[in-house]
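Notes follow the structure.
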Amino acid sequence: MQTNEFIEQLSAQLEPVRVLRSPGLRAVFWLAMVGAVSTALVMRYAHMDSVLQRLAVPRIALECVATALTAITAIVAAFELSVPDRSPRWAWLPLPWFVLWLAASGLGCLRNGLGLHGPAGVFGHSGDCFAFITAASVPLAVALFWMLRRARPIAPLPVAALGTLGVAATAAFVLEFFHPFDVTVIDLSAHLAAVGLVVLLGMAWRRPLLDTDSAN
Amino acid sequence: MPTALTPEETDQAWSQLMRAAQAGDRAAYSRLLLAVTPFVRALLRRYCSHRQDIEEMVQETLLTMHRVRQTYDPKRPFSPWLGAIAARRGIDGLRRRSRVARHEVSAEIESYETFADPAANIDIEAVRAAGEVEELLRRLPPRQRAALEAVKLKEMSLAEASAASGQSVGALKVNTHRALKALRALFQER
């Protein structure tokens, strides 16, 4: 088919569309929505005394801030990259905070003498942490991909990777409020394995999740 | 004598046409697509020199632009938005060609496939087989049959087939694959 005929076909199929709001605004909307629900859950179910006691330790406070900033920056970057004309450099935005999160958690492991045993044995509550991060990521990811897919990203791989990193980091941040003990190597590994699993699933299912024909 | 537009003026004109297209103005959209085609073609020449492949990538770019037109923000310049889409389709085209090249070998022609006497080329068996293939095609689910006919029999590009059938490029790929698999199974049943 000639390109001119193709253009005629496309023009004949044209329907009006509603222009998407700016990616930054959409990211803020998602973060505000999730922030409100998470705050309500934390206020209702977390033991605030224990939380405040833990947050008084600068390293743990830093870990929490780094986790939250990883979530926020990854979500903002995912929304920015979901539209065509944004710089690919947005993908690096969460990296410093993610490294800081790993460093602060790793420091906790070092302070605990790299011992595998936490207060509750080798595996302790690590299985619960893994289950919490993966399970909590599911509704967050549904809400996120529901918004992201409206843009039908032309480069879905970084959008899916950053989006799922954002939701897994959000789940890990909320977990901090229900985690009344310091991390061990096993525990940190469980957190990272859960984040990795969520990111891998998001990347694997990127095409149906993001309603796109592009592969990368 | 009309003066040529500066790049900024051209961009503004395209942006206005796109805004009208987002509101559903088909005439403006048609004008826009015709106007941007040479720009897209020039961008895609960086990725490929084969004329037919470039035309296919131009159509894929226009189809993607059509699918994501809701993401264009009229407050921003139009050319970088379209350029990013063309670059993505160019990279996809490069990857696709290198994938195909890895799986294809050039065949040595050892003998002529047609005879000097035209009557010798009329193969009754082939005619009968074509009828059987047609019968098997009719037994496929409609979407699979439409995908197979458009992509493999009419040799349309994925973009053309997508515009003609209303199926997305991804759905076309899946349905073509499933149709071939179903056809293979139907042949084995015979």
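Residue numbers begin at 1 in each chain, while the letters A, B, ... track the order of the sequences. Below, all heavy atoms of this structure are taken into account, side chains as well, without hydrogens, waters or symmetry copies.
Residues satisfying the side chain to side chain contact (heavy atoms under 4.5 Å, CB included) test with B:E149, not counting sequence neighbours, are B:R145, B:L153. By the side chain to side chain contact (heavy atoms under 4.5 Å, CB included) test, A:L100 pairs with A:L62, A:A66, A:W97, sequence neighbours left out.
Defined by atom type and a distance below 3.5 Å, a donor-acceptor pair is missing between the side-chain atoms of A:E8 and B:S30.
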Between A:N4 and B:T37, does the side-chain contact (heavy atoms from CB on, under 4.5 Å) criterion hold? Intermediate values first, please.
CA-CA 9 Å; A:N4 285 359; B:T37 297; 5.9 Å; no
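Within the model, atoms OG of A:S22 and CG of B:D73 stand 7.5 Å from one another, a figure rounded to the nearest 0.5 Å. The structure places CG of B:L34 at 7.0 Å from OG of A:S11, a figure rounded to the nearest 0.5 Å.
With a 4.5 angstrom heavy-atom cutoff, A:R152 touches chain B via backbone and side-chain atoms both. Within the 4.5 angstrom heavy-atom criterion, no atom of B:R19 approaches chain A.
In this structure the side chain of B:V68 never reaches within 4.5 angstrom of the side chain of A:R150, judged on heavy atoms. No side-chain heavy atom of B:I85 sits under 4.5 Å from any side-chain heavy atom of A:D85. Taking 4.5 Å as the limit, some side-chain heavy atom of B:L63 sits within range of a side-chain heavy atom of A:F6.
Here the closest heavy-atom approach between residue A:Q2 and residue B:Q59 is recorded as C-NE2, 3.8 Å. The minimum heavy-atom distance linking B:A84 with A:P84 is given by the pair CB-O, 3.2 Å. Summarising the geometry of A:I154 relative to B:R89, their closest heavy-atom pair is O-NH2, 4.5 Å, with the distance given to 0.1 Å. Scanning all heavy atoms of the two residues, the minimum distance from B:H66 to A:L10 falls at CE1-O, 3.6 Å. For B:R69 against A:V17, the heavy-atom pair with the smallest separation is NH2-CG1, 3.6 Å.
A:E15 and B:R26 are joined by a salt bridge, as a carboxylate oxygen and a charged side-chain nitrogen come within less than 4.0 angstrom of each other.
Most heavy-atom pairs under 4.5 Å with chain A: of the set B:L32, B:L62, B:V58, this distinction falls to B:L62. Chosen from A:R18, A:Q13, A:R21, the residue pairing most often with chain B at heavy-atom distances under 4.5 Å is A:Q13.
Around the CZ atom of B:R46, the shell of radius 6.0 Å holds no more than 12 heavy atoms that belong to other residues, nucleotides or ligands. Within 6.0 Å of atom CZ in A:R149, more than 12 heavy atoms from other residues, nucleotides or ligands are found, so the atom counts as buried in its surroundings.
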